[in-house]
Structure formats: C-alpha cells, structure tokens
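Here, residue 1 is the first one in the sequence, and each next residue gets the next number.
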Amino acid sequence: MNNNVCPICSSNLSVGIQVWHFRCTSCGYEKGDLQPVINELSPHNLVNESVRATGLRDIRVGNFKKLIDVISSFKPGGGKLIDVGCAHGWFLEAAMGKFETLGVEPDEAVFNVTSARGLPVRKGYFPDALKDGEMFDVIVFNDVIEHIPEIGGVLSECYERLNGGGLLVLNLPSSDGVFYKVSRLFCRVEKFGYFERLWQKDLPSPHVHYFNSKNLSELLTKNNFATIKTGTLPTLGLAGLYSRISCAGNLGAFSKAIIYCAVAASLPVLRLLPSDIVYVVAKKA
Ligand SMILES: [Zn+2]
C-alpha cells in the first residue's frame with residue numbers, strides 16, 4: 001500500500017497527530033505506520049498477555065455470542081466458517097454447534113495453547129494455511145483486520161475463498177468510539193499515552209488502520225462486497241474490568257481501585273455513547 005494514499009477513496013493522506021499517524025480528510029480513514037512484530041514476545045509480555053486475556057474474556061465471549069446470533073440470522077442453515085486469527089479460540093467455541101468451524105492463528109505460543117484445548121485450529125496466516133480449493137460460507141476477522149497492512153489483498157483473498165452468497169464478517173475498533181475520541185482530546189494537551197495504547201504502539205501487533213462503519217462499508221464496496229448489516233458491540237463490562245485496568249499501565253493498587261470505581265460507576269452512561277467496537281456483515285457481490 002502506498003504510504004500516502006487512502007486505501008478507500010485514493011485521496012492523499014495528511015499527517016495526523018504523531019509522526020507515525022496519518023488521516024484521510026475525505027473519508028476519515030486513519031493509518032498507523034507501526035510495524036507488526038509477531039513471535040517475538042518477551043516473557044514479561046507473555047505474563048501481561050495472560051492477565052489481559054483473563055480481563056477480556058467475559059466481554060469478548062458475550063460479544064461473540066451476539067455476533068454469532070447476527071451471522072446465524074443470515075445463515076440459518078450454518079455452513080463452513082473460518083475465524084482468521086482465532087487467538088484463544090473463544091469465537092470458535094461460540095460458533096460450534098451452529099457452524100462447521102476452523103481457526104487459523106499465526107502466533108505460535110497462542111496456537112499451541114488453543115490447539116492443546118482440542119479446538120480445530122491450524123497454525124499460520126490466512127490464506128497460506130488453507131488447502132488448495134478450500135472454500136467457506138463465512139469468513140470472520142475478530143480484532144484482526146486492523147492489524148493487516150495489505151488489507152485490499154486480504155479482502156480479495158476472502159472473495160476468492162467464499163462460496164456464492166458467502167459472508168465476510170469484520171469486528172474491529174471504531175474511530176467513532178467515545179474512548180478513541182477521548183484519546184484524541186488527550187493528545188491536544190500533549191498526553192499521547194492513551195492514544196498510543198489504543199493503536200497498540202510498541203506492542204507485538206500494533207494497529208495499522210482505524211475505520212468507522214461508513215468508510216469500512218466503502219472499503220468493502222471497493223473490494224466487491226455489499227454490506228448487509230453494521231452494528232456496535234459493548235467495549236466494557238463489569239466482568240474482567242479490574243484485570244484490564246491492572247494491565248493498562250504501571251499503576252499502584254490505590255490508583256487501580258479509584259479507576260475501577262470510576263469506570264464501573266460510569267458504565268450505564270458509557271453504554272449510551274458511541275461504542276468503540278463496530279462490526280460489519282458483508283455479502284460477496
Ligand atoms: Zn479516504
């Protein structure tokens with residue numbers, strides 16, 4: 001992808017908030033020039049990953065169940081489903097029984113854990129990990145597509161691997177979300193840490209893109225998919241909240257407790273604001 005051109009509307013990208021951040025003033029697409037680094041986790045990061053996983057599990061599993069219900073409403077007869085970058089396999093577990101499932105996961109340490117749990121997962125990247133002519137009825141990316149630099153290439157691979165009437169499902173962070181907007185406000189007073197955290201800067205797999213539901217649909221149209229549904233999923237829940245706060249930075253126990261109480265008390269209000277997680281279901285055009 002040309003560094004200076006929007007992958008959606010082909011406008012020139014403008015310099016954004018930091019030297020690695022770019023924005024399309026026409027469609028609102030945002031790009032991070034942050035390189036993914038996989039399989040280079042230090043032991044310290046692995047510990048953090050396990051705490052992070054615990055904190056995220058409850059909210060993620062709840063969201064996965066909602067997403068499966070949406071997908072099932074378009075595919076009531078089930079079919080072959082692949083979860084690209086299936087991580088711990090929670091989405092596969094939610095989909096089992098309704099779909100014939102397969103996961104692919106490139107991170108060796110994560111793959112080994114998921115595979116040892118007996119889940120149907122293959123090590124590798126999409127589509128390299130697939131067999132010749134292997135086709136699907138549903139292809140799902142949960143918090144994955146925003147990490148892939150050559151997004152147009154992956155979307156055309158999805159098109160090739162979907163049966164007629166097949167569905168592409170993307171679930172990812174939204175630049176319309178309230179937390180993302182607040183992180184941009186912090187940048188105005190030179191507080192860049194939260195913004196960098198949301199882009200996962202300096203983490204093993206940083207974000208490369210930030211979309212909203214509108215420009216995401218435009219990207220899909222450009223790649224021969226027709227959006228049939230968009231929606232949002234909750235970003236935060238009470239379950240697992242403390243673990244998530246614990247791994248958000250080097251905070252003392254008192255600070256963590258204060259933040260936990262403040263966030264917990266704000267949850268009913270936060271639910272009324274634009275969510276930071278968007279999903280889109282698109283049909284092969
Ligand atoms: Zn654009």
Side-chain angles (χ1 to χ4, degrees), residues 17-18 20-21 30 32 34 36-38 40-66 85 87-91 93-94 107 109-110 113-114 142-144 146-147 171-207 210 232-278:
I17 287 173
Q18 292 191 289
W20 50 266
H21 177 245
E30 294 178 46
L34 301 164
V37 182
I38 290 193
E40 290 181 16
L41 285 174
S42 72
H44 174 73
N45 282 339
L46 280 174
V47 170
N48 271 345
E49 175 61 23
S50 137
V51 175
R52 205 171 83 92
T54 309
L56 284 172
R57 180 180 295 142
D58 294 307
I59 187 84
R60 285 270 170 89
V61 168
N63 284 348
F64 287 162
K65 284 181 182 153
K66 288 175 192 157
H88 310 280
W90 304 334
F91 187 82
E93 287 174 305
D107 186 300
V110 176
V113 173
T114 305
N142 287 302
D143 284 307
V144 167
E146 72 275 18
H147 296 270
N171 163 19
L172 69 167
S174 166
S175 57
D176 278 343
V178 63
F179 288 104
Y180 189 68
K181 294 211 160 153
V182 166
S183 81
R184 293 184 58 123
L185 284 179
F186 277 131
C187 292
R188 291 197 185 179
V189 290
E190 308 280 310
K191 301 279 185 202
F192 298 108
Y194 188 36
F195 183 70
E196 290 177 350
R197 173 79 197 171
L198 290 182
W199 277 91
Q200 303 194 358
K201 183 175 180 285
D202 301 330
L203 288 183
S205 186
H207 292 168
Y210 248 98
T232 60
L233 295 166
T235 317
L236 281 177
L238 212 47
L241 182 60
Y242 191 77
S243 307
R244 290 183 70 181
I245 290 169
S246 295
C247 64
N250 297 318
L251 298 167
F254 184 70
S255 302
K256 285 176 190 173
I258 294 284
I259 293 172
Y260 176 84
C261 292
V263 175
S266 318
L267 277 180
V269 176
L270 286 174
R271 294 242 165 90
L272 301 175
L273 298 171
S275 174
D276 280 65
I277 304 177
V278 66

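The two atoms that bring E146 and P173 nearest to each other are OE2-CD, 3.2 Å, heavy atoms only. Residues S275 and S174 share a closest heavy-atom pair of O-CB, 4.2 Å. Across all their heavy atoms, T114 and H88 have their closest contact at OG1-CA, 3.4 Å. Residues F179 and L198 come closest through the heavy atom pair O-CD1, 3.7 Å.
Checked by atom type and distance alone, the side chain of H21 never pairs as donor or acceptor with a backbone atom of E30 at under 3.5 Å. Here the side chain of H147 pairs a donor or acceptor atom with the backbone of P206 at under 3.5 angstrom. In terms of modelled atom types and a separation under 3.5 Å, the side chain of S183 and the main chain of Y194 share no donor-acceptor contact.
Residues satisfying the side chain to side chain donor-acceptor pair (under 3.5 Å) test with N63, not counting sequence neighbours, are none. For N142, the side-chain contact (heavy atoms from CB on, under 4.5 Å) partners at least two apart in sequence or on another chain are F64, L67, D83, F91, V140, N171.
To the nearest 0.5 Å, atom CD1 of residue I259 and atom CZ of residue F254 are 11.0 Å apart. A distance of 7.5 Å separates CG of D143 from CG of L172, quoted to the nearest 0.5 Å. The CD atom of E196 sits 14.0 Å away from the NE2 atom of H207 when rounded to the nearest 0.5 Å. Going from atom CG of D276 over to atom OH of Y210 covers 6.5 Å, rounded to the nearest 0.5 Å. Atom CG of L233 is separated from atom CZ of R60 by 10.5 Å, given to the nearest 0.5 angstrom.
Between W20 and F195, the ring center distance clears the sub-6.0 Å criterion.
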Checklist entry - Hey, mind stepping through K181 and D176 against side chain to side chain contact (heavy atoms under 4.5 Å, CB included) and telling me if it holds? => result CA-CA 7 Å; K181 294 211 160 153; D176 278 343; 4.0 Å; yes
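Considering only heavy atoms from C-beta on, P234 comes within 4.5 Å of K66 through its side chain.
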